[in-house]
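Have a look at the structure below, then the notes.
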Amino acid sequence: MNETRPKQSNFIRDIVDADLESGKHLNIITRFPPEPNGYLHIGHAKSICLNFDTAEEKGGECHLRFDDTNPEKEEEEFIEAIKADVAWLGYSWGEHLYHASNYFDQLYQFAVELIQNGKAYVEDLTAEEIRTYRGTLTTPGKESPCRDRSIEDNLDLFERMRAGEFGNGEHVLRARIDMSSPNLNMRDPVLYRIRHANHPMTGDRWSIYPMYDFTHSLSDAIEGITHSLCTLEFEDHRPLYDWCIENVSAPSRPRQIEFSRLNLEYTVMSKRLLTQLVDQQQVEGWDDPRLPTLVGLRRRGFTPESIRLFINRVGVTKKDHTIQMSLLENSAREVLDQTTPRRLAVLDPIKVIIDNYPDGQSELLDAINHPNFPERGSRKIPFSKEIWIERADFMEEAPKKFFRLSPGREVRLRFAYLITCKEITKDSEGKIVTIHCDHDPASRGGNAPDGRKVKGTIHWVCAQHAVEATVRLYDRLFQVAHPLADPAEGFGQRLNPDSLKIIRNCKLEPGLEESAPESRFQFERLGYFCSDRHDHTPEHPVFNRIVPLRDSWSKIEKATPVKKK
RNA sequence: UGGGGUGUAGCCAAGAGGCCCAAGGCACCGGAUUUUGAUUCCGGCAUUCCCAGGUUCGAAUCCUGGCACCCCAGCCA
C-alpha cells in the first residue's frame with residue numbers, strides 16, 4: 001500500500017537520529033512493554049508502531065517484554081492474546097521475547113546493592129502510615145523511623161522477606177531518596193512488596209515482587225534498551241527511572257522519552273473502563289467489533305495496514321489530543337478501496353418484478369471485480385424476472401435530484417439492464433410490497449444502444465439465486481464524542497443504544513457464502529464488509545460492516561427542503 | 001500556595017529569527033470525470049501561530065509577565 005511512503009517524522013525519531021549521528025549509539029534498541037492484565041487496544045498500537053518502526057528504520061531491534069510484576073492481576077490468557085495482536089499488526093520481535101520476571105534474580109541483587117550502599121531500607125510502617133508520612137502535593141513528607149536501620153538489619157530483613165517469613169503487607173523495601181522532594185515519586189518510593197501469590201511465569205518461587213519503577217528501568221538497562229518510549233503520565237517518574245539506573249551497577253543507561261497517549265472520539269481507551277464494559281456485558285466480549293481493542297477492530301474487519309496507516313497519520317507529540325473517528329474510518333477506506341473485491345448485496349430488500357422479462361428465464365451477466373483494476377477480472381452474476389433492490393433506492397414521490405427508482409423514471413441496474421418503474425403494489429397499510437418495472441432488452445450490460453443517458457445506477461440481487469445472510473451494522477459505541485468529559489454522570493449512560501444493528505434477511509449475490517471467514521468485500525454503494533471470523537459459515541453467512549462508503553447523497557438529502565413523507 | 005508537562009485552522013500536525021500574508025492529512029465547500037451519488041482528479045479552506053508586553057530592520061520561532069488545559073499523594077503499570 002502506501003507503506004513504501006516514508007513514515008512521518010516526529011520528535012522521537014529526531015532524537016534517535018541525533019544519537020546515531022553523534023555516535024552516542026551505534027545500534028538502536030526499543031521495546032514494547034505491556035502488562036499482561038488485559039487486551040491491547042488501538043492506543044497500544046501507537047506504542048507498538050512507534051517502537052517497532054523506529055527500531056526497524058534504524059536497523060535496530062525492538063523487544064517484546066511483558067511487564068509482569070503484579071501476579072494478582074496478570075494472566076497467561078493475556079500474554080498469548082498480546083503476542084497474537086502484535087503479530088497480527090505485522091510486527092515480529094524475533095528472538096527478543098522477554099518477561100521482566102526473567103530478571104527477578106538480577107533485580108534482587110540490584111536491590112541488595114542498594115541496601116549495601118545505604119540507599120534502600122526495609123520499612124515496618126503499614127501502607128496507611130506510609131501514605132500519611134508521604135505528605136501532600138504541597139507539603140513535604142516525614143522520614144520513616146526505619147529509615148536509619150543498619151545495613152546489616154536491612155539485609156537480614158530483606159532476605160527474610162524473600163524467604164517468605166512475613167505476611168503480605170508486613171514489610172516493604174523502600175529507596176532512600178528524599179522525603180521532602182516536590183516530586184512525590186522521589187519520597188522514598190516502594191521498591192519491593194510482599195505478595196504471596198502464584199505468578200504465571202515463576203509460580204511460587206517468589207514471595208516478594210519488585211515495583212514498576214525499579215523493574216522497568218533496570219529491565220531496560222539489562223536489555224540494553226537505548227530509547228525507552230512511554231506515555232506522558234510517566235514523565236514524573238523519569239527522575240526515579242534515572243535514579244534506579246544510576247545507583248546500581250546497571251549495564252547500560254537507557255533514556256526515557258515520553259509521548260502523549262492516543263485518544264479517540266466516541267470511545268474509551270482505558271483498560272479499566274474497557275474491562276468494565278466487558279465484565280458488565282455492555283458489549284459481547286473483548287473482541288466486540290464496537291470496541292477499540294485490536295481484537296475488536298480485527299473482528300470488525302479493519303486490516304493491520306489500515307491501523308498502521310492511521311497511526312502514522314496521527315503523529316507523535318507531547319500534546320494531549322483526541323482524534324476524530326473520521327481519520328480512522330478514512331484510513332480503513334483508503335486501504336479497503338484498493339484491496340477489496342466488489343460484490344452486490346441488498347440489506348433492506350424490496351421486490352422488483354420485471355413484467356416484460358420472460359417467465360422462467362435467467363441469464364448470467366458480467367460483473368467486474370474492481371472497476372479501477374480490470375486485470376482483477378470479472379464474475380458472472382445471475383439475473384431473472386424477480387430481483388431485490390434496496391428499499392431506500394425507491395421513492396414514490398421523489399425530488400428532482402433523486403437519481404434512483406421512482407414511478408415513471410428509468411434507472412440502471414448495475415451490470416444488467418435499464419428498467420422503468422411502471423407501477424407499485426401496496427399492502428392494506430399502504431406499505432409498498434412490490435415494484436413493477438419494464439426493462440429495455442437492448443440495454444443488456446447497462447447501456448442503451450441509442451446512447452440515452454441514465455443518471456442513476458442501483459444495485460440488486462436476483463431473487464431466485466439470492467443467498468440469505470445476517471449483516472451486522474456497527475456504529476459508535478458512545479453517543480458523545482468525549483464520554484469521560486463530565487465524570488459526574490456515569491459513562492455507562494452515554495452508550496449509544498444503536499451501536500449495533502443486526503439485519504437478518506439480507507440478500508447476497510451467490511458465492512459470497514463460500515468466502516472464508518475474515519474475507520473483506522465492498523458491497524457496492526453500501527460499504528466495506530467482512531465475514532465474521534467466528535460466526536460466518538456457508539450455511540449461515542454473517543457479515544460485519546467495517547465502515548460505510550462515503551455518502552454525499554445523505555448530505556444533499558439533508559440539505560434539501562423536506563418533501564412529504 | 002508544590003512539582004512535571006502542553007498550548008499553530010473543526011480534529012491531528014509540520015515549523016527551531018528572514019524562503020511563513022504558516023507544509024501535509026482528516027473534515028468541510030465548490031467543480032470535472034464516473035454503469036458504485038464510491039474511487040480518481042482539479043480548486044478553495046489560519047494576513048495568523050493561547051494572551052499581553054518587549055528585543056530585532058525582521059518573531060509562530062528569542063525575552064518577560066499572564067492565562068488555559070493535562071498529569072502526580074497505589075505496597076498498580
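Computed over heavy atoms, backbone and side chain alike; hydrogens, waters and symmetry mates excluded. Here is how names work: the chains are called A, B, and so on, in the same order as the sequence lines, proteins then strands, and each is numbered from 1.
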Would you mind classifying the nucleic acid contact of [X] as base, sugar-phosphate or nothing, using non-hydrogen atoms under 4.0 angstrom?
X	answer
His237(A)	base
Thr126(A)	base
Ser260(A)	nothing
Arg404(A)	base
Pro371(A)	base
Tyr192(A)	nothing
Tyr209(A)	nothing
Arg342(A)	base
Leu125(A)	base
Ile323(A)	sugar-phosphate
Asn447(A)	base
Asn372(A)	base
Arg174(A)	nothing
Tyr133(A)	nothing

*When the C1' atoms of C51(B) and C69(B) are considered, how many whole Å apart are they?*
15 Å
For [Y], is there an ion pair with [X] - N to carboxylate O distance below 4.0 angstrom?
X	Y	answer
Arg255(A)	Asp242(A)	no
Arg404(A)	Glu390(A)	no
Arg444(A)	Glu363(A)	yes

Flag the pair [X] / [Y] as yes when their ring centroid distance falls below 6.0 Å, and as no otherwise.
X	Y	result
Phe214(A)	Tyr192(A)	yes
Tyr209(A)	Phe104(A)	yes
Phe234(A)	Phe259(A)	no
Phe478(A)	Tyr266(A)	no
Phe402(A)	Trp553(A)	yes
Phe543(A)	Phe523(A)	yes

Both distances under 3.5 Å, Watson-Crick or G-U wobble: report the partner of [N], or none.
N	result
C67(B)	G7(B)
U61(B)	none
A46(B)	none
G2(B)	C72(B)

On the nucleotide [N], are OP1 or OP2 found under 4.0 Å from the side-chain N or O atoms that [X] carries?
X	N	answer
Arg193(A)	C76(B)	yes
Arg187(A)	G3(B)	no
Ser552(A)	A38(B)	yes
Thr136(A)	A73(B)	no
His216(A)	A77(B)	no
Thr322(A)	C11(B)	no
Arg134(A)	C75(B)	yes

*Please walk me through it: do Tyr241(A) and His237(A) pass ring pair (Phe, Tyr, Trp, His ring centres under 6.0 Å)?*
CA-CA 6 Å; Tyr241(A) 181 99; His237(A) 292 245; over 10 Å; no
_The single option from Phe394(A), Tyr417(A), Trp388(A), Phe383(A) passing ring pair (Phe, Tyr, Trp, His ring centres under 6.0 Å) against Trp460(A)_ = Phe383(A)
*Test side chain to side chain donor-acceptor pair (under 3.5 Å) on Tyr103(A) and Glu223(A) and set out the steps.*
CA-CA 10 Å; Tyr103(A) 313 131; Glu223(A) 292 180 17; 2.4 Å; yes
_Both Gln522(A) and Thr139(A) contact RNA chain B. Taking the nearest nucleotide for each, which residue is further toward the 5' end?_
Thr139(A)
Just how far, in rounded Å, is [atom2] of [N] from [atom1] of [X]?
X	N	atom1	atom2	result
Leu328(A)	C11(B)	CG	P	18 Å
Arg333(A)	U36(B)	CZ	P	18 Å
Phe415(A)	A38(B)	CZ	P	16 Å
Met211(A)	A77(B)	CE	P	5 Å

Nearest to the side chain of [X] - [options]?
X	options	value
Leu137(A)	G37(B), A73(B), A27(B)	A73(B)
Leu232(A)	G5(B), A27(B), U36(B)	G5(B)
Leu327(A)	U8(B), G25(B), C75(B)	G25(B)
Lys318(A)	C71(B), U6(B), C26(B)	U6(B)

*Where along residues 265-274 of chain A does a heavy atom fall under 4.0 Å from RNA chain B?*
none
*Tell me whether G74(B) sits syn or anti, counting syn as a glycosidic angle within 90° of 0.*
syn
_Can you tell me if Tyr212(A) is stacked onto the base of A77(B), using a 5.5 Å centroid cut-off and an angle below 30°?_
no
Where do N or O atoms of nucleotides 67-70 of chain B meet protein N or O atoms at under 3.5 Å, pair by pair?
| from | atom 1 | to | atom 2 | distance (Å) |
| --- | --- | --- | --- | --- |
| C70(B) | O4' | Asp320(A) | OD2 | 3.4 |
| C70(B) | O2' | Asp320(A) | OD2 | 3.3 |

Once hydrogens and angles are ignored, does a donor-acceptor distance under 3.5 Å link the base of [N] to the side chain of [X]?
X	N	result
Glu258(A)	G5(B)	no
Asn183(A)	G4(B)	no
Arg131(A)	G74(B)	no

*Compare all side-chain heavy atoms of Val335(A) with those of Phe302(A) and state whether any distance is below 4.5 angstrom.*
no
